[in-house]
Student: 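This is the structure, below, for whatever I ask next.
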Amino acid sequence: PMASCQFTPSGTPATSYNYLTQWDVGSVIFAHMAALDLGFISPETFANWREKLIHTLRAATLSDTHLPRGYFQIAAPYRGSHAYNARDAGRLLSALYALDRQSEDDDTAVADLVAGWDLQATIVDGVPHSFENGAFVPERDTNCTNYTARAFALWDMKAKSAYDVYEQG
């Protein structure tokens with residue numbers, strides 16, 4: 001498994017938290033990047049973890065919509081929700097962008113992963129849509145839509161923010 005948010009003293013994942021949301025994965029990415037920067041983990045450990053992360057996220061991709069699962073089981077990432085959450089995707093995309101920027105120039109694994117998701121199709125007239133109960137539904141304007149819009153923009157996808165009204169004058 002990629003990682004859980006809880007570890008036993010021996011460093012093995014605890015089983016009490018057996019699934020991850022897209023938001024959780026973004027947080028785990030940022031945590032691992034910080035651990036590397038602070039010297040808590042070696043570059044080799046980080047590289048091995050990063051490889052497992054990419055493999056896990058590929059396995060956690062919904063085959064019919066080509067989107068990351070809303071949540072998935074850590075031990076079996078191909079199992080989990082049959083949903084996609086656009087707000088949580090914002091956190092995941094922000095973290096993946098930071099991870100991609102940290103990569104060597106010839107390493108396109110993260111960018112290839114994101115390019116394999118059909119995220120642009122979830123933005124209709126600038127509004128991010130989640131996939132719930134077999135249908136795409138628009139996200140409501142909240143403070144999270146700004147975060148989501150900024151994250152999508154990092155990957156060259158234009159989404160509206162609830163704060164766009166302030167730019168209209």
Student: Under a single-linkage definition using a 4.5 Å side-chain heavy-atom cutoff for Ile, Leu, Val, Met, Phe, Trp and Tyr, are Tyr19 and Trp23 assigned to the same hydrophobic cluster?
Tutor: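 As far as the 4.5 Å side-chain criterion goes, Trp23 and Tyr19 are not connected within one cluster.
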
Student: Per the side chain to side chain donor-acceptor pair (under 3.5 Å) rule, what does the pair list look like for residues 130-140, sequence neighbours excluded?
Tutor: Arg87-Glu139, Ser130-Glu139

Student: Examine distances only and state if a side-chain atom of Ser81 and a backbone atom of Tyr71 form a donor-acceptor pair shorter than 3.5 Å.
Tutor: yes

Student: If you measure only the distance, is there a donor-acceptor pair under 3.5 Å linking the side chains of Arg50 and Ser103?
Tutor: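 Their side chains do contain a donor-acceptor pair, which is all the 3.5 Å distance test asks for.
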
Student: For Ser42, what residues pass the side-chain hydrogen bond (donor to acceptor under 3.5 Å, both in side chains) criterion, not counting sequence neighbours?
Tutor: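 Applying side-chain hydrogen bond (donor to acceptor under 3.5 Å, both in side chains) to Ser42 gives Glu44, Thr45.
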
Student: Kindly compute the distance separating CG (Leu38) from CE (Met33), expressed to the nearest 0.5 Å.
Tutor: 12.0 Å

Student: Check the surroundings of atom CG in Asp125: do more than 12 heavy atoms from other residues, nucleotides or ligands lie under 6.0 Å from it?
Tutor: no

Student: Who pairs with Phe136 by ring-ring contact (aromatic ring centres under 6.0 Å, His included), at least two apart in sequence or on another chain?
Tutor: Phe131

Student: Check side chain to side chain contact (heavy atoms under 4.5 Å, CB included) between Ala47 and all other residues, then give those that pass, not counting sequence neighbours.
Tutor: none

Student: Where do His32 and Ile41 come nearest, in terms of heavy atoms and distance?
Tutor: O-CD1, 3.8 Å

Student: Can you sort out the partners of Asp37 under side-chain hydrogen bond (donor to acceptor under 3.5 Å, both in side chains), two or more places apart, ordered by chain and number?
Tutor: none

Student: Closest approach of Ala86 and His129, non-hydrogen atoms and distance?
Tutor: CB-O, 3.6 Å

Student: Looking at every non-hydrogen atom in both residues, tell me the closest pair between Ile54 and Ala109 and how far apart they are.
Tutor: CD1-CB, 3.6 Å

Student: Tell me every residue that passes side-chain hydrogen bond (donor to acceptor under 3.5 Å, both in side chains) with Asp112, counting only those two or more places apart in sequence or in another chain.
Tutor: Thr108

Student: Between Asp24 and Thr21, do the side chains contain a donor N or O and an acceptor N or O under 3.5 Å apart?
Tutor: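 Thr21 vs Asp24: donor-acceptor pair found between side chains.
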
Student: Membership question, hydrophobic clusters at under 4.5 Å side-chain separation (ILVMFWY): are Leu62 and Leu20 in the same one?
Tutor: no

Student: Using the test side-chain hydrogen bond (donor to acceptor under 3.5 Å, both in side chains), find all partners of Thr61 that sit at least two apart in sequence or belong to another chain.
Tutor: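 Checked Thr61 against side-chain hydrogen bond (donor to acceptor under 3.5 Å, both in side chains); matches are Trp117.
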
Student: Say you draw a straight line from CG of Leu92 to CD1 of Ile29; how long is it, rounded to the nearest 0.5 Å?
Tutor: 5.5 Å

Student: What's the verdict on side chain to side chain contact (heavy atoms under 4.5 Å, CB included) for Val28 and Trp49, showing C-alpha distance, side-chain angles and the deciding distance?
Tutor: CA-CA 11 Å; Val28 169; Trp49 172 83; 3.8 Å; yes

Student: So, taking the atom named OG1 in Thr122 and the one named NE2 in His66, what distance separates them when rounded to the nearest 0.5 Å?
Tutor: 13.5 Å

Student: Which Ile, Leu, Val, Met, Phe, Trp or Tyr residues join Val127 in one cluster when any pair of side-chain heavy atoms under 4.5 Å counts as a link?
Tutor: none

Student: Can you confirm whether more than 12 heavy atoms, excluding those of Glu51, are under 6.0 Å from its CD atom?
Tutor: no

Student: Is there a path of hydrophobic side-chain contacts, each under 4.5 Å between heavy atoms, that joins Val110 and Met157?
Tutor: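 Looking at the clustering, Met157 is in the same group as Val110.
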
Student: Which pairs with one or both residues in residues 75-104 pass ring pair (Phe, Tyr, Trp, His ring centres under 6.0 Å), sequence neighbours excluded?
Tutor: Tyr97-Trp155

Student: Atom CG in Leu93, atom CG in Asp88: separation rounded to 0.5 Å?
Tutor: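 Answer for the CG-CG pair, Leu93 versus Asp88, is 11.0 Å.
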
Student: Between Arg150 and Tyr147, is the side chain to side chain contact (heavy atoms under 4.5 Å, CB included) condition met? List the steps.
Tutor: CA-CA 5 Å; Arg150 290 171 53 199; Tyr147 187 93; 5.6 Å; no

Student: Please list, chain by chain and in numerical order, all residues satisfying side chain to side chain contact (heavy atoms under 4.5 Å, CB included) with Ala153, sequence neighbours excluded.
Tutor: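 Once residues adjacent in sequence are excluded, Ala153 has no partner under the side chain to side chain contact (heavy atoms under 4.5 Å, CB included) criterion.
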
Student: Of all heavy-atom pairs between Asp100 and Asp107, which one has the smallest distance, and what is that distance?
Tutor: OD1-O, 4.3 Å

Student: Please determine whether the number of non-hydrogen atoms from other residues, nucleotides or ligands lying under 6.0 Å from atom CZ of Arg58 exceeds 12.
Tutor: yes

Student: So which atom in Phe30 and which in Ala95 form the shortest heavy-atom distance, rounded to 0.1 Å?
Tutor: CZ-CA, 3.4 Å

Student: Hey, are the side chains of Leu53 and Leu99 touching, using non-hydrogen atoms and a 4.5 Å cut-off?
Tutor: yes

Student: List in chain and number order the residues that pass side chain to side chain contact (heavy atoms under 4.5 Å, CB included) with Arg79, two or more places apart in sequence or in another chain; answer none if no residue qualifies.
Tutor: Gln73, Ala76

Student: By side chain to side chain contact (heavy atoms under 4.5 Å, CB included), which residues pair with Ala149, not counting sequence neighbours?
Tutor: Ala159, Ser161

Student: Could you tell me which non-hydrogen atom of Lys158 sits nearest to which non-hydrogen atom of Ile123, and how far apart they are?
Tutor: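 The answer is O-CG2, 3.3 Å.
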
